[in-house]
> 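Shown below is the structure under consideration.
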Amino acid sequence: MLRIYNTLTRRKEDFQTLEPNLVRMYVCGVTVYNDAHVGHAMSALVFDVIRRYLEYRGYKVRHVMNFTDVDDKIINRANQLKEDPFKLAQRYIDDYAQNLKDLNILPAAVNPRATQTMNEILSMVKGLIEKGYAYAATNGDVYFRVTKNKDYGKLSGRKLDDMQAGARIEIEEAKEHPMDFALWKAAKPGEPAWDSPWGKGRPGWHIECSAMNLKELGEQIDIHGGGNDLIFPHHENEIAQSESFTGKPFARYWIHNGLLQLGGEKMSKSLGNIVSIKDFLSQRNADVMRMLVLNGSYRAPLIFNEETLDAAEKNLDRLRSGLRLALPNVKGVPAGSASELTSQAQTTQQNFINAMDDDFNTPLALAAIHELIKAINTARDNGASDDQLRPAQATLRELTGVFGLQLQDKKGSGDADKFIDLLVEVRGEVRKQKLWPLSDLIRDKLKSLGVTLEDSKDGTTWRWG
RNA sequence: GGCGUCGUGGCCAAGUGGUAAGGCAAGGGUCUGCAAAACCCUCAUCACGGGUUCGAAUCCCGUCGACGCCUCCA
């Protein structure tokens with residue numbers, strides 16, 4: 001039974017979907033006004049792994065991830081660059097889609113955008129006004145009336161009174177209550193704007209997500225996710241809007257990932273301590289970022305630095321070692337040993353599932369995989385044939401695939417392979433004649449070209465990397 | 001100031017009542033002509049101080065510290 005930590009209840013709960021075998025999952029995407037950074041990648045990776053695991057467990061997952069493509073920051077940036085705000089947003093949407101692809105993140109079923117959900121947003125704002133949950137203020141904005149929503153604050157565990165006390169908010173005089181938040185913002189001259197019963201304007205930040213949920217997934221969803229910096233106010237406000245509008249509980253499970261830490265602080269656009277996904281991928285393989293995420297609990301902060309990245313890279317090398325072919329010229333091991341390996345594969349698979357069922361405990365699941373690696377490598381050392389290794393390696397591929405790891409061999413140009421084979425063969429003759437200096441020279445030269453040779457008693461293997 | 005998360009070996013990180021998973025690094029060994037890889041072995045008593053318990057990293061109280069949110073933020 002899968003159990004998931006629910007931010008709403010602050011407990012792990014059994015996972016029950018609204019509809020059998022179908023998971024409605026909404027994950028907050030990004031506001032597109034700049035290059036996405038590795039912190040965004042972390043969040044996307046966390047939910048990609050969750051999705052892959054749910055699918056592995058037999059669920060059909062309808063995964064929705066939005067783009068916020070109109071807001072203050074986009075408008076400001078566009079003004080700065082003297083670019084059309086819609087074009088700017090489109091540019092960064094395309095970039096982000098490419099980032100996700102490069103990170104081997106499965107595409108969402110839909111990527112709704114605020115600007116393409118305007119009808120739903122408008123009707124939701126209207127509905128909230130009609131029900132008394134919102135009001136059009138004198139300044140042209142429409143605000144949500146937090147005092148009308150009796151359990152406002154339930155997600156973040158705050159009370160309205162507490163929030164008033166310490167909040168450093170410029171109190172907008174048009175608001176009835178300082179914590180009321182904008183559903184609709186009146187447009188200033190020159191800003192992108194849509195017609196509405198309250199004059200020209202654009203949606204507030206939170207309402208778009210409520211509207212997109214309603215449009216793409218319905219009134220109630222199973223999983224709503226995002227970084228834990230979104231808990232308040234964004235997700236709190238989403239709940240307030242959605243539940244006030246529909247009168248039904250909104251999301252069953254609220255899942256929030258911890259934030260990536262760079263130099264002891266979270267990485268964020270406003271702090272300026274950013275490593276973009278693009279820059280990261282120009283230096284390291286996508287699997288490295290993924291391994292970094294898998295190595296820790298998704299809810300805990302993730303330490304991102306050269307040291308942790310190097311360790312992640314080595315960890316990947318280790319996983320790859322399990323996929324190597326049998327040693328040359330082996331005769332195979334007794335059937336008993338081979339079936340032991342197969343049974344280890346089954347044990348590992350079960351341990352993997354048990355770990356992941358416990359709130360997606362990827363570090364523990366990874367440890368299970370390492371057990372299998374060790375068993376495979378031992379079998380290989382003992383002379384197991386490829387046929388004997390294959391079933392366990394298939395399990396290894398299967399489980400690392402659930403993690404979304406690609407574990408591609410480091411590659412040179414494929415055309416070179418047969419020449420390398422030839423060199424290795426010739427070197428074999430050289431070694432028979434015990435011409436060690438020459439043999440070592442060939443090995444060293446190949447190493448500097450990115451080809452690693454490994455000699456064993458019965459022959460030599462080579463690989464890129 | 002309020003709310004919340006957390007503090008496990010050199011580094012990253014599981015474990016949340018019965019005497020500390022895993023990865024990286026380090027040291028030793030097997031194998032090898034050498035090397036590499038692989039395999040084997042070694043390496044922590046869980047921030048600190050109290051308390052509960054037969055028994056606590058794991059529960060409670062306090063102290064110190066870190067981080068997040070309260071304002072745009074994955």
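Lettering of chains follows the sequences in order, A, B, ..., and the numbering in each one begins at 1.
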> Can you find a donor-acceptor pair, distance only, under 3.5 Å between A:Asp455 side chain and B:C34 base?
yes

> Regarding A:Asp381, tell me which of base, sugar-phosphate or nothing describes its non-hydrogen contacts under 4.0 Å with the strands shown.
base

> Touch check for A:Arg431, heavy atoms < 4.0 angstrom, all strands: base, sugar-phosphate only, or nothing?
base

> For A:Arg320 and B:A38, is the shortest distance between a side-chain N/O and OP1 or OP2 below 4.0 Å?
no

> Taking the same atom, C1', in B:C31 and in B:C43, what whole-Å distance lies between them?
24 Å

> Does one side chain, of A:Arg77 or A:Tyr92, offer a donor that lies under 3.5 Å from an acceptor on the other?
yes

> Under 4.0 Å between any heavy atoms, over every strand shown, what does A:Lys374 touch: base, sugar-phosphate, or nothing? Just pick one.
sugar-phosphate

> Can you tell me, in whole Å, how much space there is between the C1' of B:U8 and that of B:U58?
11 Å

> Roughly how many Å is it from CD1 in A:Ile93 to P in B:A74, rounded to a whole number?
14 Å

> Categorize A:Gly153 for me: base, sugar-phosphate, or nothing, with a 4.0 angstrom heavy-atom threshold over every strand shown.
nothing

> Please evaluate the base of B:G22 for a donor-acceptor partner in the side chain of A:Asn295 within a cut-off of under 3.5 Å?
yes

> Would you please say whether a donor-acceptor pair under 3.5 Å links the side chains of A:Arg318 and A:Asn315?
no

> Identify the nucleotide, in any strand shown, that forms a Watson-Crick or G-U wobble pair with B:U42, with both distances under 3.5 Å; if there is none, say none.
B:A26

> What is the distance, to the nearest angstrom, from the CG atom on A:Asn361 to the C1' atom on B:U16?
12 Å

> Without swapping roles, check the side chain of A:Glu191 against the backbone of A:Lys188 for a donor-acceptor pair under 3.5 Å.
yes

> Check this for me: does the side-chain of A:Arg380 come within 3.5 Å of the base of B:A38 through a donor and an acceptor?
no

> Which listed nucleotide (B:C12, B:A36, B:G33) is nearest to the side chain of A:Arg427?
B:G33

> Please report the distance, rounded to the nearest Å, between CE in A:Met179 and C1' in B:C3.
12 Å

> Within the 4.0 Å heavy-atom criterion, would you say A:Glu307 contacts the bases, only the backbone, or no part of the nucleic acid?
sugar-phosphate

> Using the C1' atom as the reference point in each nucleotide, state the distance between B:A14 and B:U52 in Å, no decimals.
27 Å

> What contact category does A:Leu327 fall into here, base, sugar-phosphate, or nothing, at under 4.0 angstrom with non-hydrogen atoms?
nothing

> For B:C64 and B:A47, measure between their C1' atoms and round to the nearest Å.
8 Å

> Testing the 3.5 Å rule here: is there a donor-acceptor pair between the side chains of A:His235 and A:His206?
no

> Write down the distance between CG (A:Leu262) and P (B:G68), rounded to a whole number of angstrom.
12 Å

> Can you tell me which nucleotide in B:C24, B:G22, B:C34 comes closest to the side chain of A:His370?
B:G22

> Testing the basics here: between A:Met25 and A:Phe47, what is the closest heavy-atom pair and its distance to 0.1 Å?
CE-O, 3.7 Å

> If I pick the P atom on B:G23 and the same atom on B:U32, what distance separates them, to the nearest angstrom?
26 Å

> Which base, if any, makes a Watson-Crick or G-U wobble pair with B:G17, both distances under 3.5 Å?
none

> From the set B:A38, B:A74, B:A14, return the single nucleotide nearest to any side-chain atom of A:Asn377.
B:A38

> Quick check on RNA chain B: between A:Ala300 and A:His234, whose nearest nucleotide comes earlier from the 5' end?
A:Ala300

> Check every atom of B:A74, B:G33, B:C11 against the side chain of A:Asp440 and return the nucleotide holding the closest atom.
B:G33

> Nearest to the A:Asn257 side chain among B:C70, B:C39, B:A74, which nucleotide is it?
B:A74

> Between B:A21 atom C1' and A:Ile373 atom CD1, what is the distance in whole Å?
16 Å

> Could you tell me whether A:Ser456 contacts a base, only the sugar-phosphate backbone, or nothing, with contacts defined as non-hydrogen atoms closer than 4.0 Å?
nothing

> Write down the distance separating the C1' atoms in B:A20 and B:A57, rounded off to the nearest Å.
8 Å

> A:Arg324 side chain: which of B:A74, B:A38, B:C11 is closest?
B:A38

> Using the six-membered ring wherever Trp is involved, compare the ring planes of A:Tyr26 and A:His224 and label them parallel, tilted or perpendicular (cut-offs 30° and 60°).
tilted

> Going by purine N1 to pyrimidine N3 plus the second Watson-Crick contact, or the G-U wobble pair, all under 3.5 Å, which nucleotide sits opposite B:A37?
none

> What's the CZ-P distance between A:Arg318 and B:C12, to the nearest Å?
22 Å

> Compute the centroid of each ring, for A:Phe15 and then for A:Tyr253, and state whether the two points are separated by less than 6.0 Å.
yes

> If you measure from the Lys or Arg side-chain nitrogens to the Asp or Glu carboxylate oxygens, is any gap between A:Arg3 and A:Asp358 under 4.0 Å?
no

> When you compare B:C39 with B:C24, how far apart are their P atoms, in angstrom units rounded to a whole number?
9 Å

> Which of the following nucleotides, B:A74, B:C24, B:G33, is nearest to the side chain of A:Ser439?
B:G33

> Can you tell me the base-pairing partner of B:G7? Count Watson-Crick or G-U wobble geometry only, both distances below 3.5 Å, and say none if there is no partner.
B:C64

> Is A:Asn315 side chain donor-acceptor paired with the B:G22 base, going by distance under 3.5 Å alone?
no

> Could you state the CG-P distance from A:Asp359 to B:A14, rounded to the nearest angstrom?
11 Å

> Salt bridge or not between A:Glu216 and A:Arg62? Use side-chain N to carboxylate O under 4.0 Å.
yes

> Taking pairing as Watson-Crick or G-U wobble with both contacts under 3.5 Å, can you name the mate of B:C31, or confirm there isn't one?
none

> Just call it for A:Ile303: base, sugar-phosphate, or nothing, with non-hydrogen atoms closer than 4.0 Å on any strand.
sugar-phosphate

> Provide, to the nearest angstrom, the distance between the CG atom belonging to A:Leu449 and the P atom belonging to B:A36.
20 Å

> What's the closest nucleotide to the A:Pro363 side chain, out of B:A14, B:C39, B:G33?
B:A14

> Within the structure shown, what part of the strands sits under 4.0 Å from A:Arg158 by heavy-atom distance: base, sugar-phosphate, or nothing?
base

> State whether A:Lys314 places a side-chain N or O below 4.0 Å from either non-bridging phosphate oxygen (OP1 or OP2) of B:A25.
yes

> Keeping the roles fixed (side chain from A:Thr68, backbone from A:Ala114), state whether a donor-acceptor pair exists under 3.5 Å.
no

> Quick one: on RNA chain B, does A:Leu364 or A:Arg463 contact a more 5' nucleotide (nearest heavy atom)?
A:Leu364

> Measuring from the side chain of A:Lys457 (C-beta onward, heavy atoms only), which nucleotide among B:A74, B:U32, B:G22 has the closest atom?
B:U32

> Can you tell me the Watson-Crick or wobble partner of B:U71, both distances under 3.5 angstrom?
none

> Of all the choices, B:G4, B:C39, B:A74, which nucleotide is nearest to the side chain of A:Arg10 once you look at every atom?
B:G4

> Could you give the distance separating B:G1 and B:G15 at their P atoms, to the nearest angstrom?
32 Å

> Could you identify the nucleotide paired to B:C59, looking across every strand shown and requiring Watson-Crick or G-U wobble geometry with both distances under 3.5 Å?
B:G51

